[in-house]
J.: 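Take a look at the following structure, please.
Given the structure is predicted, the values throughout are model-derived calculations rather than measurements. Order of listing sets the numbers, starting from 1, for every ligand and every atom in it.
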Amino acid sequence: MASQTTVKTLLILGASGDLTGRLLLPGLARLVAMGRAGDLKVVGAGSDPWTPEQWQNRVHTAFTEASVSSDASGKNALKDLAKTTTYHQLDVTADGPLASLLAELEGPVAVYFALPPHVSQLACAMLTAAQMPAGTRLVMEKPFGSSEESARDLNRILISLVPEDHIHRVDHFLGKATVLNILGLRFANNFLEPVWNREHIEKVEIIFDEDLALEGRARYYDNAGALRDMIQSHLLQIMALMAMEAPASIGERDLRDAVSAVLRASSIKAPYAKSTRRARYTAGSIAGRKVPDYAKEDGVDPAKNTETLAEVQIEIDNWRWKGVPFILRSGKAIGDKRKEGVVTFRRVPHLPTGFSGVDSPNQLRIGFGPDTLQLDVDVNGPGNIFTLDRTTLNAELNASELLPYGEVLDGVLTGDPLLSVRGDTAEDCWRIVEPVLKAWFRGTVPLEEYDAGTSGPENWPSSAAPQD
Ligand code: NDP
């Protein structure tokens with residue numbers, strides 16, 4: 001469905017940055033090619049003394065892939081935008097230049113802070129509400145703060161500039177299609193809801209294991225690690241969607257209220273040596289590709305003990321979930337890559353005497369990108385029908401036609417903060433992980449090791465891997 005943009009100008013701060021070139025502009029390109037960006041103007045800004053042509057070339061290059069797969073009108077729209085986009089050199093942390101630029105642009109303007117987090121914070125602190133033209137939207141990247149307190153400080157600054165529903169805290173991990181697939185599955189099917197609780201569910205695992213290693217991102221990653229990079233933001237959001245109560249509507253208010261209620265009830269309980277684990281990869285190989293020891297990578301300080309694999313057990317203290325562990329895990333350089341939520345049901349109370357063979361608990365697997373659904377069930381086996389056997393029902397769910405950052409920008413341009421993380425939630429996500437970060441810093445939980453290309457340290461009990 002074509003959406004109506006309310007934003008007239010997209011101002012990208014950090015025009016020369018990696019995020020802008022690799023993710024933002026290609027995401028924008030699809031929107032433009034599909035005619036979903038209206039007559040949007042795009043303006044780049046940065047501290048480099050670029051000519052307008054240098055910026056236009058950057059935009060043109062980032063648009064190439066979308067252009068190849070577009071029809072004639074899409075190609076023309078992309079060409080026109082790349083030709084007309086303008087560039088402004090400015091120091092966003094200086095008092096004045098950003099506010100003056102905002103005053104010049106056709107509004108409403110969406111300001112995308114594609115800047116290092118501390119620079120974004122300084123830039124926001126320089127602005128005042130009076131300098132915000134009507135309808136201005138502020139788009140903040142992750143990480144949003146570095147602790148509950150710093151996230152609260154940043155929220156205070158932002159909310160003094162524009163209303164909460166004009167602040168987009170980007171979480172590009174879950175596209176709109178994935179969010180709606182989870183909600184559709186849970187709330188449009190009556191058979192699931194009666195068993196979606198502590199009576200019938202033993203545990204829920206949310207796993208994002210990737211085969212990518214550091215890939216030259218030491219400057220960012222060595223200061224973050226798997227807990228901050230993945231669990232603190234993305235995986236807690238997925239957990240909230242899987243655990244939340246049924247919202248009355250899928251509007252941003254109802255949905256974000258329901259997400260927030262889950263996270264407010266969530267915590268990781270001490271002792272952390274029991275409820276959390278961390279590890280770092282050593283040299284190994286993945287699909288024939290040699291991966292060097294993380295600690296010896298350029299830009300890595302081994303003394304920082306940055307984890308490349310983290311696992312935490314979250315408790316949700318409410319009526320529905322009391323006592324059900326939610327295990328969130330994310331790792332780099334893992335041989336068997338997985339991106340899924342796995343719901344393990346309790347075993348049947350009594351298996352009728354006479355059956356033999358496997359009696360395994362049912363598992364529902366929700367794959368995130370590609371979006372899939374798998375249900376593992378026990379059925380009567382082939383040959384001897386008294387012997388139970390395992391089978392899997394499979395479905396592929398519908399994907400989005402936009403790239404993840406296209407969906408982020410679609411929400412920004414149409415003024416829909418549905419996919420954006422609300423301020424209170426951003427603070428709560430830090431509140432949940434902060435005690436663990438402190439305990440890890442103190443060395444309370446050992447940093448274990450695993451070879452790149454394996455599924456983690458040998459002594460870690462394997463999580464619910466899919467059956468063949
Ligand atoms: P980069 O370091 O690649 O780019 C930062 C940009 O900010 C550069 O264009 C830089 O310009 C500009 N900049 C820095 N200081 C100033 C200033 N005082 N005034 C104006 N411009 C300034 O960072 P990334 O693009 O990788 O990341 C940007 C944000 O996106 C970060 O918050 C990051 O966490 C987030 N992010 C990044 C992802 C990625 O894959 N890259 C993925 C998800 C989130 P110059 O070099 O000229 O100073």
Side-chain angles (χ1 to χ4, degrees), residues 10-28 42-51 54-55 57-59 61-62 85-102 110-127 138-146 150-151 154 158 167-175 208 210 212-235 237 299 306 330 332 369 403-409 412 419-421 426 429-430:
L10 173 65
L11 169 60
I12 302 178
L13 306 177
S16 66
D18 178 62
L19 178 83
T20 299
R22 215 163 43 80
L23 298 170
L24 259 188
L25 291 173
L28 175 66
V42 176
V43 175
S47 48
D48 301 301
W50 277 6
T51 61
Q54 271 175 294
W55 166 242
N57 280 339
R58 179 155 221 234
V59 174
T61 308
T85 182
T86 54
Y87 179 80
H88 295 258
Q89 182 189 359
L90 82 172
D91 177 359
V92 295
T93 61
D95 191 3
L98 179 54
S100 309
L101 176 58
L102 278 176
V111 187
Y112 204 115
F113 292 85
L115 301 164
H118 70 281
V119 180
S120 301
Q121 184 148 0
L122 282 173
C124 291
M126 279 298 158
L127 295 167
L138 304 177
V139 191
M140 309 303 293
E141 261 300 335
K142 76 162 210 183
F144 188 84
S146 54
S150 63
L154 185 50
L158 295 174
I167 303 168
H168 297 257
R169 296 172 195 80
V170 171
D171 183 352
H172 70 281
F173 189 71
L174 277 197
F208 184 86
E210 55 180 346
L212 291 176
L214 188 58
E215 320 294 333
R217 295 188 64 217
R219 194 159 61 125
Y220 162 70
Y221 195 82
D222 202 41
N223 292 309
L227 180 55
R228 283 191 187 84
D229 184 45
M230 292 301 303
I231 294 179
Q232 187 275 144
S233 48
H234 309 311
L235 301 197
Q237 294 293 321
T306 302
S330 180
K332 277 195 179 297
L403 293 172
Y405 268 89
E407 293 199 322
V408 166
L409 287 170
V412 171
L419 287 187
S420 137
V421 176
C429 289
W430 282 115

J.: For atom 18 (N) of ligand 1, what is the nearest protein heavy atom, given as residue, atom name and distance?
T.: D91 OD1, 2.9 Å
J.: Please identify which atoms of ligand 1 are closer than 4.0 Å to at least one heavy atom of L90.
T.: 19 (N), 20 (C)
J.: Where is the nearest protein heavy atom to atom 48 (O) of ligand 1: which residue, which atom, and how far?
T.: S47 OG, 2.9 Å
J.: Ignoring hydrogens and angles, tell me if any N or O in the side chain of S420 forms a donor-acceptor pair with the backbone of R169 under 3.5 Å.
T.: yes
J.: Any atoms of ligand 1 less than 4.0 Å from a non-hydrogen atom of P116? List them with their elements.
T.: 5 (C), 7 (O), 14 (C)
J.: Any protein heavy atom under 4.0 Å from atom 23 (O) of ligand 1?
T.: no
J.: Counting only N and O atoms by type, is there a donor-acceptor contact under 3.5 Å from the side chain of Q237 to the main-chain atoms of H234?
T.: no
J.: Does ligand 1 have any atom that is closer than 4.0 Å to a heavy atom of S120?
T.: no
J.: Can you tell me which residue and heavy atom of the protein come closest to atom 29 (C) of ligand 1, and the distance to 0.1 Å?
T.: L115 O, 3.3 Å
J.: Among the heavy atoms of V170, does any lie under 4.0 Å from an atom of ligand 1?
T.: no
J.: Looking only at protein heavy atoms, which one is nearest to atom 33 (C) of ligand 1, and how far off is it?
T.: K142 O, 3.6 Å
J.: Can you pull out the closest protein heavy atom to atom 25 (O) of ligand 1? Residue, atom name and distance to 0.1 Å, please.
T.: L19 N, 2.8 Å
J.: Taking the six-membered ring of Y221 as reference, does the cationic atom of K332 (NZ for Lys, CZ for Arg) lie under 6.0 Å from its centre and within 45° of its axis?
T.: yes
J.: Quick one: look up the protein heavy atom nearest atom 11 (O) of ligand 1 and list residue, atom name and how far away it is.
T.: S16 OG, 3.4 Å
J.: For atom 40 (O) of ligand 1, what's the nearest protein heavy atom and its distance?
T.: R22 NH2, 2.6 Å
J.: What atoms of ligand 1 come within less than 4.0 Å of a heavy atom belonging to A114?
T.: 5 (C), 6 (C), 7 (O), 28 (C)
J.: To the closest 0.5 Å, what do you measure between NE2 (H168) and CG (L419)?
T.: 10.5 Å
J.: Considering only non-hydrogen protein atoms, determine which one is nearest to atom 2 (O) of ligand 1 and report residue, atom name and distance to 0.1 Å.
T.: R219 NH2, 3.5 Å
J.: Relative to the heavy atoms of V119, which atoms of ligand 1 are at a distance of less than 4.0 Å?
T.: 15 (N), 16 (C), 17 (C), 18 (N)
J.: Assess the residue pair D48 and Y87 against the criterion (side chain to side chain donor-acceptor pair (under 3.5 Å)); give the C-alpha distance rounded to whole Å, side-chain angles, the decisive distance to 0.1 Å, and a yes or no.
T.: CA-CA 10 Å; D48 301 301; Y87 179 80; 4.6 Å; no
J.: Using distance alone, determine whether Y405 and ligand 1 share an N or O pair under 3.5 Å.
T.: no
